[in-house]
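Atoms within a ligand are numbered from 1 in the order they appear, just like the ligands themselves. Since we're looking at a predicted model, the values are computed, not measured.
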Amino acid sequence: MTPRTRSRTSPVPAIAVFCSGQGTNLQAILDAIRMKRLRARVGLVLSDRLGAKSLERARRAGAEARYVNPKDYASREAYEQALIALCDAQDVRLICLAGFMRMLSPFFVHHYPHRILNIHPALLPAFPGGHAVRDALAWGAKVTGVTVHFVDEEMDHGPIIVQAAVEIDGGESEASLLTKLHGVEYQLYPKAIQLVLDGRVRVDDRRVIYRTAAHP
Ligand code: GRF
């Protein structure tokens, strides 16, 4: 469905945002919704860390904010069942990971086929993992970037939805590069979410194919 054909009366789709930390990408999503650049509502913000700034941001925006402590559950599957119950209670269409520091198991991933997105601060498949910014600098890369991809069973691995490149200047520090990457992330993630919510992509094995000529 393209934005032109999208019914004005169709319900605004709910998304969940999972984040363990600062939640600046969550903030960008909330801002994009407020500015009507993203037609969605944040039905749930979930954190696995008590006191995550993301929860505060969610509450300030009037979104449901939940801290769910993995230690309160006997198994990973029991924990993920609880997450599923929270998402399903809000009729969540998409789950957007934004700095969620926990691997989701195949059990969870298969429950939401092509309905979980992640944002990663590198041009995958280069520099996967938790230190992508540091790793790109240490490698001496001249270009890095941002990837939004569907989540599959492996870390930072699923089909790529959108990417944007960022140049690494001479004398770049980890902090300055992170700032540049964040600036790109805040634009790219809401656009990618809209693309998927509008049904404008389909997945063919590893490839994400745009249904229209539109590209974010
Ligand atoms: C982002 O840089 C994202 O790419 C990575 O985790 C970081 C989360 O930052 N997956 P924030 O919590 O959104 O500020």
Side-chain donor-acceptor contact under 3.5 Å, T179 with S176: no

Nearest-contact summary for atom 1 (C) of ligand 1 - protein heavy atom, Å: E185 OE1, 3.3 Å

From the candidates A122, G21, G23, the one that places a heavy atom nearest atom 12 (O) of ligand 1: G23

Nearest candidate to atom 5 (C) of ligand 1, where distance is taken over non-hydrogen atoms, out of I119, N118, L188: I119

Distance-only side-chain donor-acceptor flag, Y189 / N118, under 3.5 Å: no

Flag for H149-Q163: side-chain donor and acceptor within less than 3.5 Å: no

Distance-only donor-acceptor check, side chains E80 and S105, under 3.5 Å: yes

For atom 13 (O) of ligand 1, closest protein heavy-atom neighbour: N25 N, 2.8 Å

pair V92-L94: side-chain heavy atoms closer than 4.5 Å: no

Element-labelled atoms of ligand 1 that are located less than 4.0 Å from some non-hydrogen atom of G99: 6 (O), 8 (C), 10 (N)

Proximal atoms of ligand 1 relative to T24 (non-hydrogen, under 4.0 Å): 11 (P), 12 (O), 13 (O), 14 (O)

Residue-ligand contact K53/ligand 1, heavy atom below 4.0 Å: no

Contact atoms of ligand 1, heavy-atom distance to Q22 under 4.0 Å: 12 (O), 14 (O)

Heavy-atom donor-acceptor pair, Q90 side chain to A16 backbone, under 3.5 Å: no

